[in-house]
Amino acid sequence: MAFKDFRDYLKLLDEEGQLKRIEVPFNVELGTNELQPLMRYLAERDGPALILQNLEGYNTPDIPLVFNPFGTRERTAMTIGCRDPLETKTKHAKTLADESVWLDPNLVNRDDAPCKDVVIEKADIALDKQLPHVWFGKEGASYITGGLGITKDPETGERNVGCYRVGQFWKASHPTGGSYSEERQTKQLLVFAFWNPPASHIGFHLAKAVRMGKPLEVAFACQCDPAIHMAAATGVPFGHDEFRFAGGLRGAPVDLVKCDTVDLEVPATAEFVIEGVFLPDQEETIGWHSNPVGYYDPVQVFPMMEVTRITHRKNPLWYATMEMIPPFDHNYIALLPVEGEVLSDLQRKIPEVKDVVVTPNMTYIVQLSVDGAAKPHAEFGKYVLHAVWGAAGRWGRTAKIVIVVGPDVDPYDMNSIEWAIATRVQPYSDTIINQSGQAMVLDPSAIKGHHGFPVTSEQMGIDATIKVPERFSEYQEVSMADPADVAKIADKLKGVLD
Ligand SMILES: Cc1cc2nc3c(=O)[nH]c(=O)nc-3n(C[C@H](O)[C@H](O)[C@H](O)COP(=O)(O)O)c2cc1C
């Protein structure tokens, strides 16, 4: 059954003991940095989701802060009604591959849309008072991280929805020593519109609008049913509507409502909606920003939007997150769509692909359902490596390290993967070094092009399958206890060792 909204998802977490309301004070001001260590602390112990109710230095004390809602693979699975990671990505991959199961969104009346409970008109916009601001680590700005950015193609009218970060200027420290005007701080926001290779779709829309000399309207819907966030984080092909894909994932259409000041539609149960328009020819410098590969980007330049209206629910909730050395809260909800995209493409052509796991550090593990003599042909592992780099979509081509393993290797367990490499790989013969791969845009070890981003990157593929028939006619038997036998022993020892 689909979640009605973000609150419905939190209710499930609560019922399962995976959500705690916290009165312990945490300071969220620029430079104090209690939220980054809090996230690390939770990540190290698969900690629960939190509602932080007692923040110090917080500009909107009436708005509780939801923290770490997606912090485990299980909670990410729960966003689309699953529990097991493979079940989740298989559901995602199948839905992504079959547009016939996507569902058109449903337009509801304004009166039936909780996101319109409270309306703040353009003349009254004061972002410093109306939008929560919290700072993480050494970040210079408070970023909006729970928003779905919605735009329409200025040529075709086709909609795009994506998770894109938004920078807020209020009290932000300027990375090159400048300052932000009062107007920037209270009425304008900055949109991370050109971040993902080859470019995020909001960036395509903006580039088209600029070329056509048209303004581009935009809305950010914050904290929706998390299945919609997962759909928005998926590299759905350009021109295809993520709300329709979300309908397929939810098994029920997404309820949308028309915006008031722009010709766009947003999820009716969003906690906050920020409407606006990109400012033509205006970009701004922002930083530091902590990125998902674990480094600070000191200076970034992005386009600006002017806010034309904010609407929100009664007693709204805010969600904020950051990126740093993985794992971190939204790691898994960002990676599952990557896994689903690659799995969907590989399974269409290679039925022996059982699972694709993208680790928090973005190593791609492909698990096969066969190994050794059961592989369809010699060097099958290398064929699969090439298939990852040639996979349709945005991500496979940027896979810097790919490892192919057999069915007896646990693709979620680095120890198991390391064992396969140690005992099934000859480094010269069983690896491929691809010198002309596409770079993962945030990888600091890849040489940057003239515009400041890396384009190409070297890549490494490791075929950790059993080399039968390539090198041997048979392989030694694995020595490992059967999990069922381990369970029996545990039973036998119940109460003895505890
Ligand atoms: C919480 C979260 C934050 C994200 N932030 C950004 C971002 O700031 N910029 C970006 O380009 N992608 C970001 N992503 C990844 C994109 O949402 C993802 O690549 C998506 O496919 C982009 O949509 P598009 O393909 O329609 O452009 C984020 C993902 C998540 C889950």
Side-chain angles (χ1 to χ4, degrees), residues 3-10 28 35 49 51-52 55 58-60 62-70 79 113-120 125-134 136 141-151 159-170 188-193 202 217-233 242-243 246 254-262 264-276 305 307-323 329-330 333-334:
F3 297 113
K4 278 201 308 286
D5 52 20
F6 192 59
R7 297 173 189 206
D8 217 13
Y9 170 67
L10 294 180
V28 297
L35 293 185
I51 297 185
L52 303 176
L55 298 179
Y58 185 42
N59 66 325
T60 50
D62 294 338
I63 305 178
L65 183 69
V66 179
F67 202 76
N68 200 38
F70 309 121
T79 64
C115 71
K116 304 280 189 187
D117 285 350
V118 178
V119 174
I120 304 165
I125 297 289
L127 301 177
D128 52 323
K129 297 184 185 65
Q130 294 147 356
L131 293 185
H133 284 64
V134 299
F136 288 85
S142 163
Y143 296 96
I144 299 173
T145 47
L148 308 178
I150 300 148
T151 50
R159 177 166 39 220
N160 179 65
V161 189
C163 296
Y164 310 110
R165 222 165 232 73
V166 172
Q168 310 192 90
F169 297 109
W170 181 63
Q188 298 176 356
L189 297 167
L190 165 146
V191 183
F192 278 50
I202 192 173
E217 296 178 335
V218 60
F220 280 89
C222 304
Q223 293 88 244
C224 307
D225 165 6
I228 311 176
H229 287 260
M230 186 181 287
E242 282 84 356
F243 284 146
V254 176
D255 282 344
L256 297 181
V257 65
K258 281 190 172 303
C259 288
D260 296 340
T261 61
V262 291
L264 295 167
E265 298 80 32
V266 289
T269 57
E271 295 290 327
F272 269 89
V273 176
I274 307 164
E275 302 179 7
M305 68 180 269
V307 178
T308 53
R309 176 163 290 206
I310 295 175
T311 68
H312 64 78
R313 294 179 68 153
K314 283 190 202 119
N315 306 316
L317 294 171
W318 194 251
Y319 157 58
T321 184
M322 87 171 294
E323 297 166 336
D329 155 55
H330 67 281
I333 196 164

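In terms of the side chain to side chain donor-acceptor pair (under 3.5 Å) criterion, residue partners of Arg313 (sequence neighbours excluded) are, by chain and number, Asp5. Among residues two or more places apart in sequence or in another chain, the side chain to side chain donor-acceptor pair (under 3.5 Å) test is passed with His330 by Thr321, Glu323. The side chain to side chain donor-acceptor pair (under 3.5 Å) search around Tyr319 returns Asp329, not counting sequence neighbours.
Between Ala219 and Cys259 the shortest heavy-atom distance is CB-SG, 4.0 Å. In terms of heavy atoms, Gly167 sits closest to Tyr143 at CA-CD2, 3.8 Å. In terms of heavy-atom proximity, Val134 sits nearest to Ala320 at CG2-CB, 3.7 Å. Contact between Cys115 and Ala270 at its shortest, heavy atoms only, is CB-O, 3.3 Å. Of all heavy-atom pairs between Ala246 and Val254, the closest is CB-CG2, 3.9 Å. Looking at every heavy atom in both residues, Pro226 comes nearest to Ile333 through O-CD1, 4.1 Å.
Between the side chain of Gln130 and the backbone N or O of Ile120 there is no donor-acceptor pair closer than 3.5 Å.
Under the 30°/60° scheme for interplanar angles, the aromatic rings of Phe136 and Phe67 are found to lie parallel. Under the 30°/60° scheme for interplanar angles, the aromatic rings of Trp170 and His133 are found to stand perpendicular. Using cut-offs of 30° and 60° for the angle between ring planes, the Tyr9 and Phe3 rings count as perpendicular.
Rounding to the nearest 0.5 Å gives a distance of 10.0 Å between OG1 of Thr79 and NE2 of His229. In this structure, CD1 in Ile310 is found 10.5 Å from OG1 in Thr261, a value given to the nearest 0.5 Å. For the atom pair NZ (Lys4) and CG (Asp225), the distance works out to 10.5 Å, reported to the nearest 0.5 Å. Here CG of Asp260 is found 6.5 Å from OG1 of Thr311. Values are rounded to the nearest 0.5 Å. Between the CZ atom in Phe169 and the CG atom in Leu190 there is a gap of 4.5 Å [rounded to 0.5 Å]. Taken from SG in Cys163 to CD1 in Ile228, the straight-line distance is 11.0 Å, to the nearest 0.5 Å.
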Intermediate values then yes/no, side chain to side chain contact (heavy atoms under 4.5 Å, CB included), Lys129 and Asn59: CA-CA 6 Å; Lys129 297 184 185 65; Asn59 66 325; over 6 Å; no
Steps toward side chain to side chain contact (heavy atoms under 4.5 Å, CB included) verdict (Val28, Leu52): CA-CA 11 Å; Val28 297; Leu52 303 176; over 6 Å; no
Chi angles and distances behind the side chain to side chain contact (heavy atoms under 4.5 Å, CB included) call for Trp318, Thr60: CA-CA 10 Å; Trp318 194 251; Thr60 50; over 6 Å; no
From CA spacing to verdict: side chain to side chain contact (heavy atoms under 4.5 Å, CB included), Asp117, His312: CA-CA 6 Å; Asp117 285 350; His312 64 78; over 6 Å; no
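Contact check on Glu271 versus Arg7 returns a salt bridge, with a Lys/Arg side-chain nitrogen under 4.0 Å from an Asp/Glu carboxylate oxygen.
When side chains are defined from C-beta on, Val166 counts as touching Phe220, because their heavy atoms get closer than 4.5 Å. Annotation: side chain of Asp255 is not in contact with side chain of Thr269 (no heavy-atom distance under 4.5 Å). Looking at heavy atoms from C-beta onward, Cys222 lies in side-chain contact with Ile144 at the 4.5 angstrom threshold. Looking only at side-chain heavy atoms (C-beta outward), Ile63 and Tyr58 come within less than 4.5 Å of each other. Contact check for Val218 versus Val191: no side-chain heavy atoms found under the 4.5 Å cut-off. Residues Arg159 and Ile150 are in side-chain contact: their nearest non-hydrogen atoms beyond the backbone lie under 4.5 Å apart. Annotation: side chain of Val257 is in contact with side chain of Lys116 (closest heavy-atom distance under 4.5 Å). Looking only at side-chain heavy atoms (C-beta outward), Leu264 and Glu275 stay at 4.5 Å or farther from each other.
When the shell of 6.0 Å around CG of Asn315 is examined, it contains 12 or fewer heavy atoms from other residues, nucleotides or ligands.
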